[in-house]
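Report on the following structure.
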2 protein chains.
Amino acid sequence: MTTRATELLRVIHARPGVTRADAARLIGVGTGATTELVGRLGHAELLAEAPAAPSGSRGRPTTALIPHPRGPLIAATSITHEQWRVDVVELGGAALATIREDLGDRTGDEVVAAVGAAVARLRTEYGDRIRGIGIAVPGTVSRDLMLDASNLNWRNVDLAAIWPKAGIFVAGNDATLAASAESHRGAAVGASVALHLRVEAGLGGAVVDGGRVLVGALGAAGEFGHMPFGDPTVECPCGAYGCWGTAVDGSALARLLGHHQPRDPISYARRVIASTDPAPAAATATAATALGRGIAGLVNGLDPDLVTLGGLGTDLLAAAPAHINQAYRAGLMGFRRENPPPILPSTLGDDGPLAGAAEEAWTALLTTLV
Amino acid sequence: MTTRATELLRVIHARPGVTRADAARLIGVGTGATTELVGRLGHAELLAEAPAAPSGSRGRPTTALIPHPRGPLIAATSITHEQWRVDVVELGGAALATIREDLGDRTGDEVVAAVGAAVARLRTEYGDRIRGIGIAVPGTVSRDLMLDASNLNWRNVDLAAIWPKAGIFVAGNDATLAASAESHRGAAVGASVALHLRVEAGLGGAVVDGGRVLVGALGAAGEFGHMPFGDPTVECPCGAYGCWGTAVDGSALARLLGHHQPRDPISYARRVIASTDPAPAAATATAATALGRGIAGLVNGLDPDLVTLGGLGTDLLAAAPAHINQAYRAGLMGFRRENPPPILPSTLGDDGPLAGAAEEAWTALLTTLV
DNA sequence: CTTCTTAAGCTCGGATGTGGAGCATATTCT
DNA sequence: AGAATATGCTCCACATCCGAGCTTAAGAAG
């Protein structure tokens with residue numbers, strides 16, 4: 001049951017710096033109920049009031065609703081192929097602290113231990129204010145919090161070690177979480193249905209419907225890279241043939257250019273896409289065409305308002321927009337061609353997964369605060 | 001804001017014949033609040049109580065909560081390529097009356113007029129108890145309720161003429177609505193995420209997530225038949241190439257068999273699929289393989305608990321289960337192969353779209369009843 | 001500098017819905 | 001017939017919320 005108190009906290013979280021009067025109007029309560037609500041939530045150390053920027057117009061000035069200085073916090077974590085990072089995030093999405101470190105040659109369990117130590121350090125500083133954690137990882141997370149990241153050669157890494165305490169624990173795929181971030185704080189704000197796609201080693205993403213990320217029955221939705229939009233003769237590491245991911249990522253570029261599979265396919269792909277030599281440009285164009293064609297298929301099936309591209313997708317969109325768009329339009333159903341959903345670059349870039357981890361953990365936490 | 005009253009009505013709708021005590025436990029209220037709730041909703045003529053079947057165990061017997069004999073009703077309508085039908089449906093999904101008629105050679109506007117007349121007749125019988133209408137059509141419905149059904153050669157047929165009054169008005173694609181019905185009353189009951197696919201002339205369907213049908217930004221989601229899983233050299237009537245729908249429906253079978261495109265592709269396909277001659281059986285196997293391969297792609301991307309097949313999909317599943325399943329398994333990501341989501345025939349069959357129209361209209365109505 | 005206008009916040013009373021304790025009721029079991 | 005069990009009802013307390021009327025804090029007008 002959604003109470004007014006939860007609604008108010010959600011509004012403050014979604015629109016940091018909202019004024020008290022605006023927030024009351026947004027949730028549709030009168031001034032009397034607002035007095036009671038703000039007083040109660042302030043007393044519970046969930047929010048505080050600060051002088052608002054002067055509006056310049058007549059009337060009694062209102063205040064800005066801000067996170068309480070002793071209010072709850074979320075630890076947001078991301079692990080990428082290069083580094084790990086932990087942020088302490090308050091209501092509204094602002095970060096109070098950051099710890100980060102390169103992965104180096106560490107194993108998965110060593111990285112989890114390092115992240116756990118960082119979280120423990122932050123807990124000595126912030127104490128029980130940290131009510132939960134959100135973790136973005138470049139792989140799949142099972143129900144029992146075991147991480148598999150084929151890209152990093154990690155198998156069965158136990159994420160539970162990061163956060164032994166009770167509270168909120170959200171862990172998910174980086175592309176899925178980036179989709180959430182893009183919908184709440186990025187290029188897809190306001191979309192009723194948004195599709196976010198993230199190309200790194202392979203391709204992932206998510207559909208966000210009315211602010212809710214569709215995570216699927218096992219939490220494994222969004223593996224759009226394994227839809228058979230690609231070349232049916234190419235075998236994917238997943239075991240299937242024709243996976244779309246194998247047609248758009250670094251491995252695809254290497255195959256098109258006759259190179260060995262690169263050790264770091266993401267940096268490799270960035271170099272290829274940035275190159276203006278004819279051979280790399282042609283490979284980039286081919287990958288961009290495959291990307292556009294697949295996006296069209298997903299748009300036909302899922303009917304989003306817009307599509308956002310993250311990771312290497314952003315690079316491809318910048319380097320070969322014409323190839324993406326031509327293949328996109330050609331693949332759309334007739335009635336969509338007149339006014340196709342726009343394909344936009346992600347605005348959060350590499351911070352997307354971390355921001356999404358914070359977002360999903362905060363969403364979960366908000367339902368538990370009264 | 002979801003009130004207890006709405007929750008109770010939803011429980012009664014979802015589980016017709018539920019006992020009062022069970023319903024109270026399901027929504028988590030005590031016996032005191034239950035007395036107040038049932039009294040209030042009974043007084044509002046939304047529900048009534050009937051003697052429940054004896055439980056056989058000790059304790060004071062409870063009653064069954066049933067729709068009120070003067071309670072609200074929904075008119076559920078479906079238009080197929082063969083006939084139209086209007087049911088009057090009460091809370092819980094039971095039909096009180098049915099009117100149906102073959103389409104014959106009527107135009108779209110004539111059919112809409114006939115359906116409108118049937119609804120008007122039912123309104124003289126049931127009066128203002130009929131609070132709204134749900135309509136399932138074999139085509140796409142725009143925001144302003146204009147229907148395009150290329151299969152029937154209907155363009156810009158105005159559905160608003162069926163229901164001139166205020167109230168609930170829900171209109172949608174038959175495959176999308178069948179997905180809703182399958183999730184609420186059919187083979188996908190209890191699934192957290194269900195994918196329903198319906199092959200008729202082309203292929204459509206929907207994802208149902210936690211009981212909510214994902215309708216997309218324009219209400220056009222579920223056009224999975226226009227994802228490019230098919231032969232890239234085949235042009236689809238939609239203007240794109242390689243659409244999956246062109247690889248699995250009656251037009252695909254005719255192409256494989258070297259036949260002209262049939263006038264009624266659904267009856268044609270039923271005949272081909274039912275045939276045991278070698279050529280039709282081979283064509284059926286090819287279509288079944290294309291169906292299984294595409295299902296695998298969708299399962300990889302959308303992560304449903306299970307997949308239900310309606311329309312000709314049911315026939316294909318009965319005629320060539322091995323071909324569907326082999327292609328399905330081959331296309332799944334490795335980690336899914338051990339325990340793949342089952343592919344099940346629809347249990348509602350041809351009644352799916354009508355049942356879904358009733359379901360969606362009732363869902364909409366329930367949010368408006370206090 | 002005073003008064004007017006405007007927007008916002010506060011106080012209070014009443015309506016509503018909910019939760020729990022204790023009692024009443026209807027059935028099966030012994 | 002009495003015990004055991006499950007359910008329903010009455011009553012009271014509490015939290016929430018809405019609206020009316022009043023108060024407060026700013027800019028605008030003179």
Side-chain angles (χ1 to χ4, degrees), chain A residues 1-12 15-66 68 366-370, chain B residues 1-12 15-66 68 366-370:
Chain A
M1 185 121 66
T2 310
T3 71
R4 296 290 194 199
T6 309
E7 283 182 74
L8 178 58
L9 290 176
R10 276 202 252 268
V11 166
I12 297 171
R15 312 168 64 139
V18 69
T19 66
R20 178 188 157 131
D22 284 345
R25 272 189 294 267
L26 282 168
I27 64 176
V29 299
T31 62
T34 304
T35 300
E36 191 268 346
L37 261 180
V38 172
R40 185 155 46 99
L41 296 179
H43 193 74
E45 302 197 336
L46 294 173
L47 59 80
E49 290 179 84
S55 73
S57 62
R58 283 189 188 183
R60 177 171 177 172
T62 183
T63 58
L65 298 177
I66 59 172
H68 194 281
L366 282 175
T367 65
T368 70
L369 302 172
V370 175
Chain B
M1 187 124 64
T2 309
T3 70
R4 296 290 195 198
T6 309
E7 283 182 74
L8 177 59
L9 290 175
R10 277 202 252 268
V11 165
I12 298 171
R15 312 169 63 138
V18 69
T19 66
R20 178 188 156 132
D22 284 343
R25 271 188 295 267
L26 283 167
I27 63 176
V29 300
T31 62
T34 305
T35 300
E36 192 268 346
L37 263 180
V38 171
R40 184 154 48 98
L41 296 179
H43 193 75
E45 302 196 336
L46 295 172
L47 60 78
E49 291 178 85
S55 73
S57 62
R58 279 187 190 183
R60 177 172 176 170
T62 183
T63 58
L65 297 177
I66 59 171
H68 194 280
L366 282 175
T367 65
T368 71
L369 301 172
V370 175

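Only heavy atoms go into these numbers, but all of them, side chains included; no hydrogens, no water, no symmetry mates. Just so it is clear: chains get the letters A, B, ... in the order the sequence lines come, proteins before strands, and each one is counted from 1.
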Which whole-number value in Å describes the distance from [X] [atom1] to [N] [atom2]?
X: A:Glu36; N: C:dG13; atom1: CD; atom2: P; result: 16 Å
X: B:Ile27; N: C:dG19; atom1: CD1; atom2: P; result: 9 Å
X: A:His43; N: D:dT16; atom1: NE2; atom2: P; result: 13 Å
X: A:Glu49; N: D:dA25; atom1: CD; atom2: P; result: 14 Å

Review point. If we ignore angles and hydrogens, is there a donor and acceptor under 3.5 Å between the side chains of A:Thr3 and A:Thr6?
Key: yes
Exercise for review: Could you grab the distance from atom CD1 of A:Ile27 to atom CG of A:Leu8, nearest 0.5 Å is fine?
Suggested key: 4.5 Å
Exercise for review: Nearest 0.5 Å please: distance from the CZ atom of B:Arg15 over to the CG atom of B:Leu26.
Suggested key: 5.0 Å
Practice item. Please report the shortest heavy-atom distance between B:Arg20 and B:Thr62, naming the atom on each side. Key: CB-OG1, 3.5 Å
Study note, to complete from the structure: When every non-hydrogen atom of A:Gly28 is compared with those of A:Arg4, the smallest separation belongs to O-NH2, 3.9 Å
Revision key, fill the gap. By nearest-heavy-atom nucleotide on DNA chain D, the more 5' of B:Arg25 and A:Gly28 is B:Arg25
Can you tell me if [X] touches the phosphate of [N], counting only side-chain N or O atoms and a distance under 4.0 Å to OP1 or OP2?
X: A:Arg20; N: C:dA7; value: no
X: A:Thr34; N: C:dG9; value: no
X: B:Thr62; N: D:dG8; value: yes
X: A:Arg4; N: D:dT16; value: no

Exercise for review: Ignoring the backbone of A:Arg40, work out which of D:dC17, D:dG8, C:dG9 is nearest its side chain.
Suggested key: D:dC17
Review point. Going 5' to 3' along nucleotides 20-30 of chain C, which nucleotides have protein heavy atoms under 4.0 Å from the base (write B), which only from the sugar-phosphate (write S), and which from neither (write -)?
Key: B---BBBBBS-
Point to revise | Verdict with reasoning, B:Arg10 to B:Glu7, per salt bridge (charged side-chain N to carboxylate O under 4.0 Å, His left out) | key: CA-CA 5 Å; B:Arg10 277 202 252 268; B:Glu7 283 182 74; over 6 Å; no
